[in-house]
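Notes follow once the structure below has been shown.
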Amino acid sequence: MFSVSTIRSVLSIVTPWLSRLISLTAVVILVGLIPEIAGIDPSQSILRARSGQQQLLTAESLQAVRTDLQLDRSGFERLVDWFSGLIRGDLGVSWIDGSSVISAIQNALSTSLFLMSTALMLTVILCSITLMNTLRLWKKGKLKSSHNSLSIVFISLPEYVIASLLILFFAIWLGWFPPYGWQSWQNVWLPSLALALPASGLFSRLLHDSLVRVFNEQWITTWLSANVHISQIIRFALKKALSSLLPQIAMIIIGITGGAVAVEQIFSIPGIGRLILSATKAQDLPILQGGLLVLLFLSIMISSFGLLLQQLILGDSLKSGKLISSYSTFQFTKSLPKQLIAFSIFSFLLLIAIWSLFRDPYSSQFARLASANMQIPLGADGIGRDLLARIGTGMVSTFQAGILATFLSLLTGIIMGLNSRFTQGLIEITKGVPYIVAGLLVAGISGMNENSALIAIVLVSWAPLAAHCASLLVEAKAQPYVHLAPTWGTNKLKIFRFYLLPYILPPLLRHTLLKLPVITLSLTSLSFIGLGAKPPEPEWGLMIAENLPYIERAPQGVLGPIVGLILMGVAINLLFDD
């Protein structure tokens, strides 16, 4: 007869993997049933992708496609065939060109893995540089007063924006690298850097905050008083700081995988991200199902390895209650210079929003791409509209949507993170779905309504917060006072309210503030595929899309919204930097 403790141990191992299996199966089934759920006929998109000619969409040609691909069968019948092929190691053939799905994925995956490996290498190098600076500041006693605004800039920008800026500076202006293609080593660096910069910015900031907390713990003072060598103190501090971040590091690596979709599209790289995006647009379900299956499998493996590594590092302290850590607080900064800078930025953005109320952001009053002057300080866009008026008018709606999406992501992340034993698979699967693909899937299911972009971003943005919440919860439960609380007669509700939440919420709120600018800009980026706001609204994502063709002649149309988001991110993080 098995004991209760044995059954619980088995369930703790089996439940997360069962969650992964259920989540993975659900996503594959959902993708396979998109035509039935959305009530659409994929034969039109397939025929258009095959021929590229709108006039060939006759009733006879559409019926020929349906017959050829057996689209008259139900979605359930197609899924049964797909799963039976999967068991045999056969993912079918493309609906567009009849090529083998496995061959297409293998060719694309090798390219993507090379790109991701290079990006990961650059991420490690960049993080090592910031880590050395953090340790240098600690040795000088200046760590508390430090602030890495550069990391906030990187965090504030999603990969597709950084890719556009890198092309502008290094390909167009300086001419150092080719703007697109995948023919030589010169084609590798810009897309790799576009993936590495936001990943290294987020990881550097999370590691910095974790090290600040560890270096403030009592054992540091004790070891310094005992003349323990500084290198040994740093080694143990790094081990402790990284242990709570390992699941989050796994999420960052998965984020590099997902971010490759936009980067591969921008740089015309024949990788799996571009393959999936093209399949999504063309409704080539076999390629989409196979590609997502590979991406999500990679996501599960990376996340599982991170969790295993965390358990190996922390060891018995997770169960014995011997993990002694101090928890951070969440409050306004006490630094007067930081307060002044933050409020100056807020005032500047507010003045622009107020000034735009007295301007017309919709009328084409000026010459096309008119230069900046006293009347139009930022010039005009491609059809003669006041750029500064459009930036100011779009600011309020853009930030409203971004704040709402961030709040919903935080709320969902907390709920899922506190129940990670049952939701671990969903967290990993969600993080593995690129937000652009999520937007296209939501659009395919729900239609191009104004809330589609918000739904898509919330669906994928909560996963990193949930992973962080789950990691902090593991760490909080391993604290001695939490481990001993039941022996004092403290009930579970009080333990959660007075012990666990104060440990979890401050770092999670700081992480959420870091995510606010990138969630906002990711939300606006879905305007590229027709989700969210529609022209002629001065929404920042639409503005970037509209002005991107003129970036060489009038870069302010693209840089204006990007700089606004960066300034907002810097101001918010300066305000809560303590």
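Computed from heavy atoms alone, side chains included, the values below leave out hydrogens, waters and symmetry copies. Worth saying up front: this structure is predicted, and the values here are computed from it rather than measured.
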N/O donor-acceptor pairs under 3.5 Å from side chains in residues 176-184, not counting sequence neighbours:
unit_1, atom_1, unit_2, atom_2, d
Ser184, OG, Gln186, N, 3.4
Ser184, OG, Asn187, OD1, 3.4

Neighbour count >12 (heavy atoms, 6.0 Å) for atom CZ, Arg497: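 No, because the 6.0 Å sphere around CZ of Arg497 holds 12 heavy atoms or fewer from other groups.
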Gln218 atom CD, over 12 foreign heavy atoms within 6.0 Å: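 No, because the 6.0 Å sphere around CD of Gln218 holds 12 heavy atoms or fewer from other groups.
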Validation row: [X], [Y] side chains within 4.5 angstrom (heavy atoms):
X      : Y      : result
Arg510 : Arg205 : yes
Cys127 : Leu207 : no
Leu505 : Ile414 : yes
Ile230 : Leu224 : yes
Trp219 : Val214 : yes
Met301 : Phe305 : no
Leu168 : Val558 : no
Ile249 : Leu242 : yes

Minimal non-hydrogen separation, [X] against [Y], with atom names:
X      : Y      : answer
Val228 : Ile233 : O-CD1, 3.8 Å
Leu211 : Ala241 : CD2-CB, 3.8 Å
Leu197 : Leu126 : CD2-CD1, 3.8 Å
Phe399 : Gly564 : CZ-O, 4.1 Å
Ser112 : Ile272 : OG-N, 2.7 Å
Leu246 : Gly306 : CB-O, 3.8 Å

Output all residues satisfying side-chain contact (heavy atoms from CB on, under 4.5 Å) with [X], sequence neighbours left out; order by chain, then residue number.
X      : result
Ile341 : Ile345, Leu574
Thr118 : Phe114, Met121, Val188, Trp189, Ser192
Leu18  : Ile22
Thr406 : Thr512, Leu516, Ile519

Criterion side-chain contact (heavy atoms from CB on, under 4.5 Å) on Leu410 and Leu509, from CA distance to verdict: CA-CA 8 Å; Leu410 173 62; Leu509 289 173; 3.8 Å; yes
Quick one: side chain to side chain donor-acceptor pair (under 3.5 Å) partners of [X], sequence neighbours excluded?
X      : result
Arg235 : none
Ser231 : His229
Ser471 : Gln310
Asn107 : none

Out of curiosity, [X] [atom1] to [Y] [atom2], how far, rounded to the nearest 0.5 Å?
X      : Y      : atom1 : atom2 : value
Ile252 : Thr123 : CD1   : OG1   : 8.5 Å
Ser303 : Leu298 : OG    : CG    : 12.5 Å
Ile562 : Leu567 : CD1   : CG    : 12.0 Å
Thr423 : Leu418 : OG1   : CG    : 9.0 Å
Lys140 : Trp138 : NZ    : CH2   : 14.0 Å
Leu115 : Leu195 : CG    : CG    : 5.0 Å

Residues in ring pair (Phe, Tyr, Trp, His ring centres under 6.0 Å) contact with Phe236, at least two apart in sequence or another chain: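 For Phe236 the ring pair (Phe, Tyr, Trp, His ring centres under 6.0 Å) partners, ignoring immediate neighbours, are Trp223.
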Intermediate values then yes/no, side-chain contact (heavy atoms from CB on, under 4.5 Å), Arg274 and Ser268: CA-CA 8 Å; Arg274 191 181 181 197; Ser268 299; 3.9 Å; yes
Worked verdict on Leu293 versus Ile105 for side-chain contact (heavy atoms from CB on, under 4.5 Å): CA-CA 10 Å; Leu293 186 68; Ile105 290 176; over 6 Å; no
Donor-acceptor list for residues 462-469 side chains, cut-off 3.5 Å, not counting sequence neighbours:
unit_1, atom_1, unit_2, atom_2, d
Trp462, NE1, Leu459, O, 2.9
His468, ND1, His511, ND1, 3.0

For [Y], does its backbone N or O pair with a side-chain atom of [X] as donor and acceptor, under 3.5 Å?
X      : Y      : result
Asn491 : Lys494 : yes
Thr111 : Gly271 : no
Ser347 : Phe343 : yes
Ser19  : Thr15  : no

side-chain contact (heavy atoms from CB on, under 4.5 Å) assessment of Asn133 paired with Arg136: CA-CA 5 Å; Asn133 183 58; Arg136 180 183 61 84; 2.5 Å; yes
